[in-house]
Amino acid sequence: MKLRKPRITANIWSSGRITCTGAKSVSEAKKGCRRVARILQKCGFQVKYCKFKVNNVLATTSFPFGVKLASLSNGNKDVQYEPELHPAAVVRFPEKSNNMTAKVFSTGSVTITAHTVQATEDCVVLLYPVVEPHKTAKPAAPPAGRTAAAAPQAKRQRMEDYLGNGSDDSQSDSEDADSD
């Protein structure tokens, strides 16, 4: 079941358990779960709202610099980087009981998974000193003229240049016809 306000997706299991995903905050998740329970009650189901808890939190952030992932993974047992499998380095913090995981991309973007909101904040604090020695300049953004909308026009122009512009040939034929 999907709700628009708050924007969440609820999975309803045959055991009666309901999991809600997509909320931006804990209060929004709680409000969405209450709405789902109320909708099910209106449909005639025996639903009781109880045992609400947050199991997982996903957070994204970005460092103001790029990261050399190969050097980050060298010599650090808590960092896994397999470029053939995934474009990010996975950093784990086993010394923390919160089981925090961070995926660090070469652009400096970070995705953090933890059990609580506080744990995600702690993960950023722990992650920065690990990543900072391996910083590099952020990759440059593509030039302004090279957007997805400009790509077909540029491709057409290259094709015309390669094949020769047909309008020039027709113009020279008409000049020959005028001279007769």
Side-chain angles (χ1 to χ4, degrees), residues 1-139 141:
M1 174 185 299
K2 287 191 176 196
L3 297 180
R4 290 187 184 159
K5 193 171 185 182
R7 177 164 261 157
I8 64 159
T9 301
N11 294 325
I12 305 167
W13 304 98
S14 60
S15 65
R17 182 173 292 225
I18 299 173
T19 58
C20 294
T21 59
K24 301 288 183 191
S25 66
V26 175
S27 61
E28 193 174 291
K30 189 177 276 191
K31 184 177 180 181
C33 289
R34 284 188 180 278
R35 284 200 58 212
V36 168
R38 187 69 183 130
I39 289 168
L40 291 173
Q41 284 174 348
K42 286 181 179 180
C43 291
F45 292 100
Q46 295 265 331
V47 178
K48 190 166 73 172
Y49 179 82
C50 61
K51 297 182 186 175
F52 174 83
K53 81 173 189 180
V54 175
N55 284 336
N56 204 9
V57 177
L58 179 80
T60 58
T61 187
S62 184
F63 289 127
F65 51 80
V67 181
K68 298 178 202 168
L69 298 178
S71 67
L72 174 66
S73 65
N74 288 342
N76 195 337
K77 65 179 173 61
D78 296 332
V79 179
Q80 293 177 331
Y81 178 52
E82 298 288 336
E84 299 87 15
L85 301 176
H86 190 62
V90 179
V91 182
R92 299 186 192 280
F93 297 98
E95 67 273 357
K96 291 289 184 182
S97 62
N98 291 336
N99 202 13
M100 301 177 287
T101 303
K103 290 182 181 179
V104 181
F105 293 86
S106 62
T107 59
S109 296
V110 181
T111 303
I112 299 167
T113 306
H115 290 294
T116 63
V117 175
Q118 183 60 43
T120 58
E121 294 171 1
D122 294 344
C123 186
V124 172
V125 171
L126 292 170
L127 184 64
Y128 192 85
V130 173
V131 173
E132 199 266 335
H134 308 283
K135 69 180 179 180
T136 184
K138 264 199 179 232

- Is a donor on one side and an acceptor on the other found under 3.5 Å between the side chain of Gln80 and the backbone of Val90? no
- Query: What's the verdict on side chain to side chain contact (heavy atoms under 4.5 Å, CB included) for Ile39 and Leu3, showing C-alpha distance, side-chain angles and the deciding distance?
  - Reply: CA-CA 11 Å; Ile39 289 168; Leu3 297 180; 3.7 Å; yes
- Quick one: pull up CD1 in Ile18 and CD1 in Ile12 and give me the separation to the nearest 0.5 Å. 5.0 Å
- Item | Met1 side chain near Leu40 side chain, heavy-atom distance below 4.5 Å | yes
- Message: Test side chain to side chain contact (heavy atoms under 4.5 Å, CB included) on Tyr49 and Lys30; report intermediate values, then the result.
- Response: CA-CA 10 Å; Tyr49 179 82; Lys30 189 177 276 191; 3.1 Å; yes
- Backbone N/O of Asn56 and side chain of His115: donor-acceptor pair under 3.5 Å: no
- Rounded distance (nearest 0.5 Å) linking atom CG of Asn76 with atom OG of Ser71: 10.5 Å
- Lys68 and Lys135: which non-hydrogen atoms are nearest, and at how many Å? CE-O, 3.9 Å
- Item | pair Asn74-Tyr81: side-chain heavy atoms closer than 4.5 Å | no
- Please examine the side chains of Ile8 and Val36, heavy atoms only from C-beta on, and report whether any two atoms are closer than 4.5 Å. yes
- Taking the side chain as C-beta and beyond, is there a heavy-atom pair between Gln41 and Arg38 under 4.5 Å? yes
- Query: Looking at Cys20 and Cys33, what are the two nearest heavy atoms and their distance?
  - Reply: SG-SG, 3.0 Å
- Item | With Glu28 via salt bridge (Lys or Arg N to Asp or Glu O under 4.0 Å) - residues at least two apart | none
- Message: Do Pro6 and Lys24 make a side-chain contact, defined as non-hydrogen atoms from C-beta onward lying under 4.5 Å apart?
- Response: no
- Quick one: closest heavy-atom pair of Leu69 and Ala89, and the distance? CD2-CB, 3.9 Å
- To the nearest 0.5 Å, how far apart are NZ in Lys53 and OG1 in Thr116? 12.5 Å
- Given Leu126 and Met100, is the side chain to side chain contact (heavy atoms under 4.5 Å, CB included) satisfied, shown in steps? CA-CA 10 Å; Leu126 292 170; Met100 301 177 287; 3.7 Å; yes
- Note on the structure: On a heavy-atom basis, the closest approach of Ser73 and Ala70 is OG-O, 3.0 Å
- Task: Might you work through the side chain to side chain contact (heavy atoms under 4.5 Å, CB included) test for Ile112 and Val57, ending with a clear yes or no?
- Result: CA-CA 8 Å; Ile112 299 167; Val57 177; over 6 Å; no
- Query: To the nearest 0.5 Å, what is the distance between OG1 (Thr101) and CG (Leu127)?
  - Reply: 11.0 Å
- Heavy-atom closest pair (Val104 atom, Val91 atom, distance to 0.1 Å) is CG2-CG2, 4.1 Å
- Note on the structure: In terms of heavy-atom contacts, Thr136 and Phe65 come closest through O-CB, 3.6 Å
- Heavy atoms from other residues, nucleotides or ligands near CZ of Phe52 exceed 12 (cutoff 6.0 Å): yes
